[in-house]
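See structure below.
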Protein chains: 2
Amino acid sequence: MKKTTIYDVAEEAGVSLATVSRVINGSNVVKPATREKVLEVIRRLDFKPNQIARGLATSKTTTIAIVFPQALFGHVKDMIGGIGDTGRTLDYNITIYTTEDIGDGDPVAAVLEKVIKSRADGVVLFNSDQIDHEIEIMKKYNLPTVVVGYKVAEDKIGSIYVDASHVSYDLAKKYLAEGKEDIVFVRPQQNLVRLDDFVDGIKKAFEDAGKSFDEDKQVINTSTHYEESYPFFIDYFKTHKHDVVLTGYDKEAVAVVNAAQDNGISIPDDMQVVGMMNTSYSIMSRPSLTTIHVPVYEMGAMAIRLMTKMLNEEEIDQKAVPVVTQMITRNTTK
Amino acid sequence: MKKTTIYDVAEEAGVSLATVSRVINGSNVVKPATREKVLEVIRRLDFKPNQIARGLATSKTTTIAIVFPQALFGHVKDMIGGIGDTGRTLDYNITIYTTEDIGDGDPVAAVLEKVIKSRADGVVLFNSDQIDHEIEIMKKYNLPTVVVGYKVAEDKIGSIYVDASHVSYDLAKKYLAEGKEDIVFVRPQQNLVRLDDFVDGIKKAFEDAGKSFDEDKQVINTSTHYEESYPFFIDYFKTHKHDVVLTGYDKEAVAVVNAAQDNGISIPDDMQVVGMMNTSYSIMSRPSLTTIHVPVYEMGAMAIRLMTKMLNEEEIDQKAVPVVTQMITRNTTK
DNA sequence: ATGAAAGCGCTAACAA
DNA sequence: TTGTTAGCGCTTTCAT
């Protein structure tokens, strides 16, 4: 049972295939009567234009590839809603590619090669260790690119990012002003938000207050797996306690809160904890987490929207779009 | 700057394009010397075969479409890891489509129409209210289909599913044997696991024990949003207490645990709670959740694997593949 | 307003 | 072992 093609429709309607093509592409030079006739046949034969053939003819696939490292998956998945919805609304297909850090040769390049072969119209990249390398490759192939989670200065590349240094600066400044100087940052391996910038913001707040921030001692690197971070903190809080613990992800914040409480440290009275991302963990935790809301769904939507603007050569006010975060105060701070 | 095509390679290598095609498709009738020469040119010109053109010529796109309702997103997202990884390994592209229940006309059909136009080789559908309708449409277009979360009897359609009635039967039976007869099921709107089947299993256990299960009273329908379910249960547990609360999702289990405790009900001493899915919520909750582990990542991987087997017409032992669940006993049960 | 025909970049008979 | 050629199903000039 062969699929009906544009030829079948043309023949059945008694017109040339050019006319059918005009109809399905909404050309306005077609006589209403012909258009009607053609549409009727399309409906009757249940004709679905072959996007592959169209893609070959136009050199456009109306698909956007999104590429992200496995490690970042926990963050990206929340964004896929925004990406999928926006893609559907704007009539773009979304193809997903995951990269893994480990592997023979250059695994990132191998994945991007697939993207190139697929002839996606554009690609959305997510912040990762490899992001500069990825951007380099995309520039080489001149493929429209949007980066999420990392501010890109390049003129031709779009980006959607969180101004993390600003957020952390404000936070640290506030606590310093309250006399809470024993501030520590729990840093997971990866986040959509640039944690380097976050650290820089804290540092600056300390400097501006005439104090110094010792990165070696005041930044605690940790796993993103609760199964690993919780036992670590159980041990850690036997001998430590701080005024304020800032974290790079809600999961870590929960690990800190649970482990501290299990060591008899009262939250928020003895120690205050701030999460990041405002995930559902933050409301389910006891006490519920004060956290930095990052509009993840919207970031996905914005990335696709920016991409399509670039593809359609619409006017773009800013190629690097900062995203607004918001402090959500709950019960792990006073 | 035009992309290099197979013609460019052929000319530069001094062979016909057919030979180049043979080389990139790994035909073994090419003389090693020629192959080498061609490969060298491919490398030098950085030639990436156009998948779109290939797709048109072969009527194969090596892409698999996955379609899921927004409402199920919380579950599907965990599966995307397995889907993406397996797709990459088996060299298939994965295109995602989200559906929304609301919308003019037939929104599900509209999305599936995009899948048809895209000429994906196959489609993976997720259990939803609309699943029968979706299957109907796919059968009409004769597109290879795998359904996740729902056992399909159809001969030509693959499925990966959880035998939920068996799981719940065993659970309920165990508690009934212990004399815990006040068992209640908290049912969220959607889950990858068929909750109807889960209820049936409980019912059967009651029947087999010579007791009756009153669906109206012993099934509590609830929202999947903690923000809604928690306040509901805060109210509910002012006047209720049960021996055992089974839930359809860990999030609901956390809502139950938190709300019960806030009402002075001690978990697990006064009441036992069982979650479902073994999400990260289950270990972060206090007490940590006893829950039913469902291998979500693996289900994604299996779905893609089954799909590719169908596409390659490999031998398939079973079209409907049940997935093994496991009770994870933590601290909300005794 | 419509049709004829070339072309998008590849694969796959068929010939040589 | 290699080359020639006819599609795959559409879009898009260029004529009419």
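Naming convention: chains lettered A, B, ... in sequence-line order (proteins, then strands); numbering from 1 in each chain.
Nearer the 5' end of DNA chain C, as judged by each residue's closest nucleotide, is the contact made by A:Ala18, out of A:Ala18 and A:Tyr7. Of the two residues near DNA chain D, B:Gly14 and A:Thr5, the one whose nearest nucleotide lies more 5' is B:Gly14. Between B:Ser59 and B:Val29, the residue anchored nearer the 5' end of DNA chain D, judged by the nucleotide with its closest heavy atom, is B:Val29.
Taking atom CZ of residue B:Phe47 and atom P of nucleotide C:dG9, one finds them 10 Å apart after rounding to whole Å. In this structure, B:Lys3 atom NZ and C:dG9 atom C1' are separated by 12 Å, rounded to whole Å. We find that NZ of A:Lys48 is positioned 21 Å from C1' of D:dC8, with the value rounded to whole Å. What separates CZ of B:Arg54 from P of D:dG9 is a distance of 18 Å, to the nearest Å.
For the pair A:Thr58 and C:dC8, the criterion of a side-chain N or O lying under 4.0 Å from OP1 or OP2 is not met. Listed pair B:Ser16 / D:dG3 meets the phosphate criterion, a side-chain N or O lying under 4.0 Å from OP1 or OP2. A:Ser21 has a side-chain polar atom (N or O) that falls below the 4.0 Å cut-off from OP1 or OP2 of D:dT11. Of the side-chain N and O atoms in A:Asn50, none sit less than 4.0 angstrom from OP1 or OP2 of D:dC8.
Salt-bridge check for A:Lys309 with A:Glu315: failed, with every basic side-chain N at 4.0 Å or more from each acidic carboxylate O. With respect to A:Asp46 and A:Arg44, no salt bridge is recorded, no charged nitrogen being found less than 4.0 Å from a carboxylate O. Under a 4.0 Å N-O distance rule, the pair A:Lys114/B:Asp91 qualifies as a salt bridge. Taking 4.0 Å as the cut-off between side-chain N and carboxylate O, A:Arg35 and A:Glu40 do not count as a salt-bridged pair.
Among the atoms of the strands shown, only primed sugar atoms or phosphate atoms (P, OP1, OP2) are found under 4.0 Å from some heavy atom of A:Val30.
The base of D:dG9 lies outside donor-acceptor range of the side chain of B:Arg119, with no N or O pair under 3.5 Å.
Side-chain contact check for A:Gln190 and A:Asn127: no donor-acceptor pair (N or O, by modelled atom type) lies under 3.5 Å.
Closest contact between the side chain of A:Thr19 and the listed nucleotides C:dG9, D:dT11, C:dG3 involves C:dG3. Of the candidates C:dA4, D:dG3, D:dT5, D:dG3 carries the atom nearest the B:Val15 side chain, counting heavy atoms from C-beta on. The nucleotide whose nearest atom lies closest to any side-chain atom of B:Ala53 is, among D:dC8, C:dC10, D:dT1, C:dC10. Closest to the side chain of B:Ala57, out of D:dT11, C:dT2, C:dT11, is C:dT11.
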